Amino acid sequence: MLLLSGMKQAKKYGEVLHQTSGLYKPDKLMTLDNVILKNYPEEKTALCSTMKRQGAAAVNVELRIEAKGHFQGMFTLTEVASLNDIQPTYRILKPWWDVFMDYLGVVMLMLAIFAGTMQLTKDQVVCLPVLESLEDQTPVATERPPEKAFGSGTGEGHVTLAAAPLASKEQTDSVVQHFPQSSAVRQPQPTGLRTNLDFQQYVFVNQMCYHVALPWYSKYFPYLALIHTIVLMVSSNFWFKYPKTSSKIEHFVSILGKCFESPWTTKALSETACEDSEENKQRLTGASTLPKHLSTSSEEGSPNQSTPMLAKASIKFSAEKPVIEVPSMTILDKKDGEQAKALFEKVRKFRTHVEDSDMIYKLYVAQTIIKTVKFILILCYTMTFVTSIKFDHDCEPEIKHLTGYAKFKCTHNMAFMLKKLLVSYIVLIFVYGLVCIYTLFWLFRRPLKEYSFEKVREESSFSDIPDVKNDFAFLLHMVDQYDQLYSKRFGVFLSEVSENKLREISLNHEWTFEKLRQHVTRNAQDKLELHLFMLSGVPDAVFDLTDLEVLKLELIPEARITAKISQMINLHELHFYHCPAKVEQTAFSFLRDHLRCLHVKFTDVGEIPTWVYMLKNLRELYLVGNLNSENNKMIGLESLRDLRHLKILHLKSNLTKIPTNITDLSPHLIKLVVHNDGTKLLVLNSLKKMMNLAELELHNCELERIPHAIFSLTNLQELDLKSNNIRTIEEVISFQHLKRLNCLKLWHNKIISIPLSISHVKNLEFLYLSHNKLETLPTTLFNLLKLRYLDVSHNSIVVIPPEVGFFQNLQHFAITGNKVEVVPKQLFKCTKLRTLSLGHNCISSLPEKIGQLLQLTHLELKGNCLDRLPAQLGQCRLLRRNGLIVEDHLFDSLPLEVKESISQETSGNFANGV
């Protein structure tokens, strides 16, 4: 009953206050009891004590409750703390100091929000005037009725008007009417000093002194702390948010996570451990049994005892060196293998992209410096304000004309709390600053833009893992602060050896022995041949094809010839097309002794494996690629002399001179072929020293005359100058000194005429003059009685001289694509003719004497003006229908018995062949 009575009196008194101050709405005051008891039950207890305080205190209760509700509606702690949030995957880039500073930031944020909440809900200043003379106030005290008091009664349960400021007499009387006098409740005589201020003046003085007397830091400390904390939080994680760095970081974290979880990483590291154990066993059991002259070490970085033959040519190899067998890798699931391959490609591209700049490193250093400077500034100006926060203040607001008092004594109820919070904040900032200083020390004590995988290389067989730099290196340093295992597993995807192992596993899984056997074919030389094109390596099953004779490897970047090639005892020919192959020592020993023919196609001369020049039993070497004048000295590589059994050297390139190192091969080289791509061959003096050369081909060398150096080759038997710019061959008379020359090929040139001196080359048996600009054949040409092959096709010859009958040994005569109109009867005196090509001329009739060519097997007449064929063709018993190149209507013009004879004979022979 007492509580309800007090609430009613307070509500009534609140209406009076509203009429005088205008601070609160009547509808809220009318429901004050409902607001307190229902909406704010936690303030129920505070109500009783509120009734015993001043009227201003009762008003402040509602102010604090209402302000508290508004503050909580603006933002929550969770919303502010979200400024410090990062993606969970970024935790691997958060070293301990960043994590510690994040927690310090959260604590400082909570402290700032707590201080702000307390200030909004509890902060107030209570002021009393400082009386200038007590005598001036004494009469006033006696004039006031002693019973008119409210807020600080001495009797328990009594409501009085004592220490509160007094209102006017009429207002006071109206208030007192609600407190009827009774014998049970007696008002004690008020004590203390009396003032002339009413309630409205006290509120005004309190507000004025709050802004005048209180130091600014006491009023704005929570807001400054909140702003500072937010700035520090943003600075800590800015490198995760900045567009130019966040994309790289996101990509790095994504790749790192996939590399860490990839099954290939586990398999690669487990294989390393397995190989280490095998090598240790080999050292313990086999080192003592090895001969002293053998090496027991392998090339660094090779997972087995193999040596890529990319060292200097002076290195010697031993065929007896033992090869350590290591367990083969477990076959990866196809999907895992493809994912691992994709990861290798992603890591390669990411490294190229990130190593070009150090933006991430600079940004992290910058944000750390900003936090350090911020800490120093906060600490410097905050320390000066610790002493300025105190409980009591003297206030002189210059409002004596409004209140009658010039000086007031005020108390700040939040002073002690704010001072403790400020000291706590300073301590947190100090710790935060120490961590920032340590971070700067870590950033600058060693170069973080360089990262070495030396430790990983020592612990694994992947000795080729490269060191990285710039942002890539910095990110790995940050990851090491989280867990060094991440960098170790990531390094597996930087190793080419690891990538090659993955390719090898996938390759062997795909290319089985059965599949390879299906690709084996027989070539034009009737040899078993296997051609592998654009694979990641050489499948192991290839070396199980022991009957293989020719192996072609094209566009295989990581071709490795293992010791198992020694099983292929029938292999004598190898082709490497843009395929820089590496061989093991045992494999090299086998190739050195058994390989006879080698084809190497390359883009640059440096791609030729150096072990090629140490194949001492090699007979034929074909080099196709760029060998221009600047690289001529590299062709020999000072090792051509080691090819002691080389007979044929084929160079298809763009040479401007014959390499001088080729003279090292002069004692045994028999055939030299130079096919240029149209580059003019200027210097051929080196040819003079090659006295044993029997065959010489110079194609597309832009020669205009027959080189004089050729006339010194006394053992030359065949000369081929195809596709040059030769216009005259007057030098042909010098060929009479080349007693062994029997084949001269001057086709595909621009020769206008054949000199009469051609008759001096009496030993000629083969003469190729097709695709020139000849118009006549000199009679002296037919003095070459040993001639067996004459080709003058695709010229402008009109007449075949009757002297052609002198060629009694002629077996092949081709004059296709000329302007011949008449075939002389003397031609058919060449009874040894097997091939006669008269196509695409202007011949209108074929002599009947063609029947004298009993050995004729090939006759070309297509493209002439013939209207019939002589029946005497039936006498050419070796002529087949497929050897008779003629229009169908001409063939049909033959007598029936001739056609049947040719057709039956052809059918019979075909049947017999089948």
Side-chain angles (χ1 to χ4, degrees), residues 304-309 317 319 321 323 325 328 331 500-501 503-602 607-624 643 645-650:
N304 50 30
Q305 295 290 339
S306 64
T307 305
M309 303 303 172
F317 304 95
K321 183 171 180 180
V323 179
E325 294 291 339
S328 60
I331 296 177
N500 293 338
K501 281 188 176 182
R503 290 174 179 169
E504 181 181 346
I505 291 175
S506 302
L507 184 70
N508 292 331
H509 181 59
E510 179 181 0
W511 288 87
T512 60
F513 178 83
E514 292 75 15
K515 184 176 181 179
L516 289 170
R517 175 59 69 181
Q518 294 174 1
H519 286 75
V520 175
T521 59
R522 284 197 174 272
N523 60 14
Q525 291 78 30
D526 197 32
K527 295 181 179 180
L528 288 177
E529 177 183 300
L530 175 63
H531 188 185
L532 299 179
F533 177 74
M534 289 189 70
L535 299 182
S536 59
V538 181
D540 290 341
V542 169
F543 306 114
D544 296 329
L545 300 171
T546 56
D547 56 345
L548 201 65
E549 298 174 88
V550 180
L551 177 60
K552 293 184 178 181
L553 305 177
E554 183 173 0
L555 292 175
I556 301 179
E558 297 295 335
R560 188 163 61 93
I561 309 300
T562 65
K564 292 179 66 178
I565 198 174
S566 57
Q567 303 173 162
M568 306 175 72
I569 57 178
N570 294 313
L571 183 66
H572 297 294
E573 184 175 341
L574 269 178
H575 294 246
F576 295 118
Y577 297 156
H578 300 287
C579 181
K582 300 178 182 179
V583 298
E584 296 180 1
Q585 294 179 19
T586 306
F588 169 76
S589 300
F590 172 81
L591 294 176
R592 181 185 57 192
D593 298 333
H594 293 80
L595 195 62
R596 297 294 180 264
C597 180
L598 178 63
H599 295 249
V600 181
K601 189 174 183 180
F602 51 89
E607 298 176 12
I608 304 176
T610 54
W611 55 266
V612 167
Y613 302 101
M614 291 178 281
L615 300 173
K616 63 180 183 180
N617 288 325
L618 194 65
R619 300 292 190 273
E620 302 177 25
L621 177 59
Y622 297 79
L623 300 178
V624 181
L643 302 178
H645 295 88
L646 191 66
K647 302 297 181 183
I648 300 175
L649 177 61
H650 188 291

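This structure is a prediction, so every number in the text was calculated from the model and none was measured.
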Side-chain ([X]) to main-chain ([Y]) donor-acceptor, under 3.5 angstrom:
X	Y	answer
S589	Q585	yes
E549	L528	yes
R619	N617	yes
H509	I505	no
E584	A563	yes
N508	P539	no

4.5 Å side-chain heavy-atom contact, [X] and [Y]:
X	Y	value
L530	H519	yes
T562	F543	yes
E620	Y622	yes
V612	L621	yes
R560	E504	yes

Taking all non-hydrogen atoms of both residues into account, name the closest pair between [X] and [Y] and its distance.
X	Y	answer
L595	L615	CD2-CD1, 3.8 Å
V550	N523	CG2-ND2, 4.0 Å
A559	C579	CB-SG, 3.3 Å
P580	I556	CD-O, 4.3 Å

Salt bridge (Lys or Arg N to Asp or Glu O under 4.0 Å) involving [X] - partner list, sequence neighbours excluded:
X	answer
E529	K552
E510	K515
E573	none
D593	none

Got a second to check how far [X]'s [atom1] is from [Y]'s [atom2], nearest 0.5 Å?
X	Y	atom1	atom2	answer
I608	F602	CD1	CZ	3.5 Å
L532	L551	CG	CG	6.0 Å
L623	H599	CG	NE2	10.5 Å
L545	L571	CG	CG	10.5 Å
D540	L507	CG	CG	8.0 Å

Set of side-chain contact (heavy atoms from CB on, under 4.5 Å) partners for E554, sequence neighbours left out:
H531, F533, Y577
According to side chain to side chain donor-acceptor pair (under 3.5 Å), who are the partners of Q567, at least two apart in sequence or on a separate chain?
D544
F576 and W611 aromatic ring geometry - parallel, tilted or perpendicular at 30°/60° bounds
perpendicular
Do the side-chain N and O atoms of N570 and D547 include a donor-acceptor pair separated by under 3.5 angstrom?
no
